[in-house]
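So the structure is just underneath, and the comments pick up after that.
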Amino acid sequence: MSERVVLAYSGGLDTSVGIGWLKDATGKEVVAMAIDVGQGGEDMEQIRQRALDCGAVESVVIDAKEEFASDYLMPALKANALYQKRYPLVSALSRPIIAKYLAQTAKELGANSIAHGCTGKGNDQVRFEAAVAALAPDLTSIAPIRDLALTRDKAIEYAEKNNLPIAQSKKSPYSVDQNVWGRAVETGFLEDPWNAPIEDIYTYTQDPALERAATEVTIKFEQGIPVAIDGKAVTPLQAVMQLNELAGAQGVGRIDIVEDRLVGIKSREVYESPAGITLINAHEELENLTIERDLARYKRRVEAEWAELVYDGLWFSGLKRALDVFINDTQRYVSGEVRINLHAGQAVVTGRRSEQSLYDFNLATYDTGDTFDQSQAKGFIEIWSLPSKISARRDLA
Ligand code: ARG
């Protein structure tokens, strides 16, 4: 039997041509593997068949939507994960689950390498290969577009010459990656960071400026996970899908950012993540109600670290695993309900309640019923500011 390679297959032009290209360049048989992470669009069975028509020896399709939501998106939500405080890691979260199935499929179908369709300029190549390295250190990685210089023009030429069954759709000016957590749009006229995004590039969100009535939604969380929306029980995947609809219709979750890639490039990225931004806003506010100050402050540092690790492709690392243990422990009391107003591109929390609440009305109130002994504050400040006072006597002398 000749050697085999498992290719992460999307059904698009590059990876379709990549099948024959890989075979020609390496002599390996190509197994195609397509994963459903909620990217929508084409039917997965059609994609499976196309890979065979393009010359794959085997073609597998994996529905990983539930697992993606439960095991990748929920940890990100618990971590309120936003890279550079803005980007909810849409693509960064899907790469490790795809890599996991690449490694698993390679093992099952006797392949000694994996392949992906990334270029040499982005983060995704790093994420795929670093994740595969951590899960199956003996597999080698091949990137036909990067390593075998498969350009778009060559791909079209190859597809025509070999009569590959790929619809010759007009080249989209953008590079798009999408899954149930959101969409990433880059390149084209967006490469000038001064150019404003046009309405055309968005599909998960409506124009926030459209006139419409607000939507109010109540999300119930148990230990950091959404379990009901407006009183109806939901799985993590259902929560994300329903909120994509509700928040997307209100234009919530658009992000336009100049981002620092791991490979050193600054790049202009546009994202839309209606459910992601809504859930993170709601979850963060429930934490404000239920997590004590020191722990909350420390967690914010861990959250930034977690987002950077995941952005940098280190999902399957010891540090990430250890941070997850910390983050999971912080979620012990993050249960309760958050009411959120979706309108004009914003997801604004308007109410929160929890049986685990640390909010004490009698301590907070300025009305009758106040149990906070204000006379204690004087002594507290005296001691709190003592170091400042002592050093000031020296510094100002
Ligand atoms: N810059 C984003 C990230 O690194 C999005 C990448 C999108 N990938 C793509 N092939 N268009 O996570």
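Computed from heavy atoms alone, side chains included, the values below leave out hydrogens, waters and symmetry copies. In each ligand, atom 1 is the first atom listed, and ligand 1 is the first ligand listed.
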Collect the protein residues that have a non-hydrogen atom under 4.0 Å from ligand 1 and hand them over in chain and number order.
Tyr87, Ser91, Ala92, Asn123, Asp124, Arg127, Ser175, Asp177, Ala184, Glu186, Glu259, Glu269, Tyr271, Tyr311
Ring centroid separation Tyr72 to Trp315 under 6.0 Å
yes
Are the side chain of Arg268 and the backbone N or O of Asn195 linked by a donor-acceptor pair below 3.5 Å?
yes
Between Ser10 and Thr15, do the side chains contain a donor N or O and an acceptor N or O under 3.5 Å apart?
yes
Flag for Arg48-Ser59: side-chain donor and acceptor within less than 3.5 Å:
no
Taken in chain and number order and not counting sequence neighbours, the residues that satisfy salt bridge (Lys or Arg N to Asp or Glu O under 4.0 Å) with Asp36 are Lys65
Do we get Arg127 above Tyr311's six-membered ring, with its NZ or CZ under 6.0 Å from the centre and within 45° of the axis?
yes
